[in-house]
Amino acid sequence: MRWTLQSKPEKEQVQKLQNELQVDEIIATLLVQRGITTYDQAKTFFRPTLDDLHNPYLMKDMDKAVSRIEKAIANGENILVFGDYDVDGTTAVSLVSSYLKSYYPNIATYIPDRYDEGYGISYKGIDYADDNGISLIIALDCGIKSIDHVDYANAKNIDFIICDHHRPGNELPNAVAVLDPKRDDCTYPYDELCGCGVGFKLIQALAENRNQSIFDLIPYLDLVATAIAADIVPITGENRVLAKFGLEVINSNPRPGIKALVQNVKKKVLTITDVVFIIAPRINAAGRIKHGNEAVALLTEFDLEQAEIFASEIEQHNADRKDLDKQITVEALAQIENNNEKDNFTTVIYQENWHKGVIGIVASRLTETYYRPTIVFTKSGDKLAASARSVKDFDVYNALEACAEHLEQFGGHMYAAGMTLKEENYQKFKDAFEKEVQKTIHPDLLIPEISVDLEINFSDINPKLIRLLSQFEPFGPQNMTPVFMTKNVNDTGYAKPLGKDNEHLKLFVKQNNSEGFGAIGFGLGNKLESTKNRKPFDVVYCIDENEFNGTVTVQLRLKDLKN
C-alpha cells in the first residue's frame, strides 16, 4: 500500500481563507484543496440551499422537451418513460413517471430486460410502444448514442426525448429533444449530473410551467440522492445540493419504497455511504437477479404495506445476489491460481455458467485481491459478455479500444466497461489485453494507493475540528472524507484482533502525551505485530464519531499503519 500526501496549497491562499472564515489552518487547507478559495464559495459549500440550483431552461433543448410533453398531454397521447435497469435508470424512471402521473394518467414505464435486451434503448421497447399506441418515449440514463433506434422509432411515428448524462458520439440521435449537459453545444453550468439528475431538471422545468416551485419537488429528492450515491458522480455543485436535501428526505420522510428498504437498519441517520451500501445494492439486485421493473414498482408504490411486500422480494434477490457473487469470486480466484496468473498485469477470466448479473461485482472483488485491471466473462447467448473494472488512474476504456479488433462491441468509461466477443476470439483478446496493459500501465498503479489530505498531530483533534468536518458532508467523489496522517504513535497495550478470522484490528493510540483515541482498522488484522512492544508507528485514518450506549466518542477509522 503506498501513501500519497497531497501537496499543500499556497500558504497565502490558506491564510486569507482562514481569516475570512475564522477557522483553523487544517479546515482552510482542506477547503482550498477542494477548490474552495473564497468566502462566498465556502458559504455555498457549508450552507447549500435549493436556490443554488440552476434554471433548467439553461439546458440545451429543454424548451423543446417541455413543449413536446405539454403537447402530448393536451392531445391525450400515451407517453412511455423508458430507462436502464440499474439504480440511476430505475430511480429516473420512477421520478419522471410518478411526477407526470400526479397530473396525467396516460403514462407507462419500461425497463429493458438485462439478459434479453441488454443495456439502453431496445427495438423490443420501441415495438412495445408501437403495439400500445404510444407516440412519445422519454428515455432516461441512456439513448445518447442510439442513432438507429431513434430512426426506427421515427419511422413508426414515435417521438423521442433523450435525457442522458453519458458522453455523446460524433452524431446525436434524431430526437425531438436531446438533454445531455455533456453535449458540446450545451452551455448548462454543471455537467456532472447523473441520469436521474437530468430527469429532475426535466420535471423542474415542467413544474415551472405549472406554477409549482422547487419546494413542491422536495419529495422526489430521495430518488435523486439515491442515484447520485449509486452512480458515483462528483458530490460538487448541483449534485451536492441535490444529495444534501435528498438525504434529508431519506432521513425524515422517504417514499414508502425507500422506507420499506431501510426500516430494519439500526442507524438513526443514514449518510451517502449508507445509501451506497444499503439502498443501492438492493435496488440494483432487482435488475441483476430478476427484472428492473420490480425496482420501479417498489419506488413508485405509495401504499406502505404493498411496498413492504415488494421490498421483501427485493431483499431475497439481494441475498441471492450475495450468494452468487461469493461463490463466483471463490471460483474465479481458484481459476487465477490454477492458470498460474497471479503475477500477470491483468486478470481476464471466463466460465460459461457464471451469472451475468453479478460479473461486474465479481470483477470489483478481484481487483481488491489482485490490484490490476480485471475482466470477467460469461456466456450470453451465442457470444461471451464481460464486465471490466480498473485501478486508480488507469483508463481501461483506452486499453479496450486498443484491442477492439477482437471485440464485437464495447462501451463504458475510464474505470468500468462492458463488452461482448465471439468465443473463438476470447484467447486472442485475453493475450492482446495483457500485452496492452503491460505496455501502458505505470508499475506504481499496480500498488493500491491511499491519498492523504494532510499530516496532523493528535493534539489538533478537538470538538470544533470534528464539528466543522461533519459539515463537509455529504462526502463522495471530489469531496471525499478527509484522510489524515499522524506519525510516531504508540498503542497503549490495548491492541487486539477482531472478527471471526482475526481480520480486523482494535487499538487505543497515543502520540507523545496527547489525549489517546480508540481506533479500528478493518482488514488490518495482519498489522498486529507492528503495534507490539510499544514500537512507534505511523497511521493514516479518517476521524469518526462512535456512539455506544448513548455516549459519543471520537474513533479513528484506520486505513493503514506502518513502522
Side-chain angles (χ1 to χ4, degrees), residues 1-48 234-237 240 243-244 269 271-273 449-491 507-521 536-547 552-562:
M1 191 72 81
R2 60 199 168 98
W3 302 0
T4 308
L5 187 60
Q6 279 199 46
S7 52
K8 273 201 160 183
E10 284 178 23
K11 210 168 172 120
E12 295 76 32
Q13 218 172 18
V14 172
Q15 273 176 343
K16 181 173 173 288
L17 195 61
Q18 232 184 305
N19 296 336
E20 285 178 1
L21 298 179
Q22 295 296 295
V23 292
D24 70 15
E25 189 182 344
I26 292 171
I27 295 294
T29 304
L30 291 171
L31 289 170
V32 175
Q33 282 174 334
R34 284 158 169 69
I36 296 155
T37 57
T38 68
Y39 178 87
D40 287 340
Q41 286 172 334
K43 189 180 170 198
T44 305
F45 179 77
F46 282 125
R47 302 282 180 270
I235 307 274
T236 57
R240 184 174 168 80
K244 181 185 188 302
V269 178
T271 65
I272 280 283
T273 307
E449 178 194 38
I450 296 173
S451 180
V452 182
D453 292 274
L454 266 180
E455 183 183 340
I456 65 171
N457 293 315
F458 281 172
S459 55
D460 295 318
I461 301 173
N462 57 45
K464 187 180 179 190
L465 179 78
I466 293 163
R467 192 176 70 249
L468 284 167
L469 286 178
S470 72
Q471 291 178 33
F472 277 56
E473 294 184 40
F475 294 120
Q478 295 182 30
N479 182 42
M480 300 299 279
T481 310
V483 175
F484 300 108
M485 173 170 72
T486 299
K487 290 183 169 171
N488 290 320
V489 308
N490 297 88
D491 176 62
L507 306 163
F508 194 87
V509 283
K510 280 192 161 189
Q511 183 192 32
N512 305 326
N513 298 317
S514 70
E515 186 188 343
F517 296 105
I520 187 147
F537 51 92
D538 303 342
V539 285
V540 285
Y541 57 92
C542 301
I543 300 172
D544 276 350
E545 287 188 304
N546 187 33
E547 187 175 339
V552 178
T553 54
V554 175
Q555 177 175 270
L556 309 184
R557 182 162 37 89
L558 300 185
K559 296 176 85 70
D560 198 14
L561 62 88
K562 52 174 80 159

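Hydrogens, waters and symmetry mates play no part in the numbers below; they use all other heavy atoms, side chains included. By convention here, the first residue in the shown sequence is residue 1. What you see is a predicted model, and the numbers here were worked out from it, not measured in a lab.
A distance of 10.5 Å separates OG1 in Thr4 from CE in Met485, rounded to the nearest 0.5 Å. The CD atom of Glu545 sits 7.0 Å away from atom OG of Ser470, with the distance rounded to the nearest 0.5 Å. Annotation: the span from Leu556 atom CG to Ile543 atom CD1 amounts to 6.5 Å, rounded to 0.5 Å. With rounding to the nearest 0.5 angstrom, the CG atom of Leu507 is 10.5 Å from the CD atom of Gln555. Note: Met1 CE to Leu561 CG = 11.0 Å, rounded to the nearest 0.5 Å. Note that the CZ atom of Phe472 and the CG atom of Leu30 stand 5.0 Å from one another [nearest 0.5 Å].
Under the side chain to side chain donor-acceptor pair (under 3.5 Å) criterion, Glu515 pairs with no residue, sequence neighbours left out. Residues passing the salt bridge (charged side-chain N to carboxylate O under 4.0 Å, His left out) test with Glu449, sequence neighbours excluded: Arg2, Lys392. Under the rule for a side chain to side chain donor-acceptor pair (under 3.5 Å), the partners of Thr37 that lie at least two apart in sequence or sit in another chain are Gln41. In terms of the side chain to side chain contact (heavy atoms under 4.5 Å, CB included) criterion, residue partners of Val269 (sequence neighbours excluded) are, by chain and number, Asn251. Among residues two or more places apart in sequence or in another chain, the side chain to side chain contact (heavy atoms under 4.5 Å, CB included) test is passed with Gln478 by Pro234, Thr236. Listed by chain and number, the residues in a side chain to side chain contact (heavy atoms under 4.5 Å, CB included) with Gln18 are Val14, Gln15, Glu25, Ala28 (sequence neighbours excluded). Qualifying side chain to side chain contact (heavy atoms under 4.5 Å, CB included) partners for Lys562, counting only residues two or more places apart in sequence or in other chains: Trp3, Asp560. Applying the ring-ring contact (aromatic ring centres under 6.0 Å, His included) test to Phe517 and every residue at least two apart in sequence or in another chain returns Phe458. Partners of Lys244 according to the salt bridge (charged side-chain N to carboxylate O under 4.0 Å, His left out) rule, which considers only residues two or more places apart in sequence or in another chain, are Glu248. Residues passing the side chain to side chain donor-acceptor pair (under 3.5 Å) test with Glu10, sequence neighbours excluded: none.
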Original post:
Is there a side-chain contact (heavy atoms from CB on, under 4.5 Å) between Phe484 and Ile461 once you walk through the steps?
Top reply: CA-CA 11 Å; Phe484 300 108; Ile461 301 173; over 6 Å; no
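Between Phe537 and Val509, some side-chain heavy-atom pair lies under the 4.5 Å cut-off. Side-chain contact check for Val483 versus Tyr541: every heavy-atom pair is 4.5 Å or farther apart. The closest side-chain heavy-atom distance from Leu31 to Leu21 is below 4.5 Å.
The two atoms that bring Gln33 and Ser7 nearest to each other are NE2-O, 3.9 Å, heavy atoms only. Across all their heavy atoms, Pro482 and Leu469 have their closest contact at CG-CD2, 3.9 Å. Minimum heavy-atom separation, Pro474 to Ile235: O-CG2, 3.3 Å. Summarising the geometry of Phe46 relative to Leu468, their closest heavy-atom pair is CE2-O, 4.1 Å, with the distance given to 0.1 Å.
Judged as a salt bridge (charged side-chain N to carboxylate O under 4.0 Å, His left out), the pairs with a partner in residues 28-40 (not counting sequence neighbours) are, in order, Arg34-Asp453. Listed by first and then second residue, the side chain to side chain donor-acceptor pair (under 3.5 Å) pairs that reach into residues 454-468 are Asn457-Gln511, sequence neighbours excluded.
Panel note: side chain Asp491, backbone Phe508; a donor-acceptor pair is recorded below 3.5 Å. A donor-acceptor pair under 3.5 Å is formed between the side chain of Arg240 and the backbone N or O of Glu473. With Asp538 contributing its side chain and Asn488 its backbone, the two residues share a donor-acceptor pair below 3.5 Å.
A side chain to side chain contact (heavy atoms under 4.5 Å, CB included) with Thr29 holds for exactly one of Asp24, Leu17, Ile456, Leu454; it is Leu454.
A salt bridge links Glu20 to Lys16: one of the charged nitrogens lies within less than 4.0 Å of a carboxylate oxygen.
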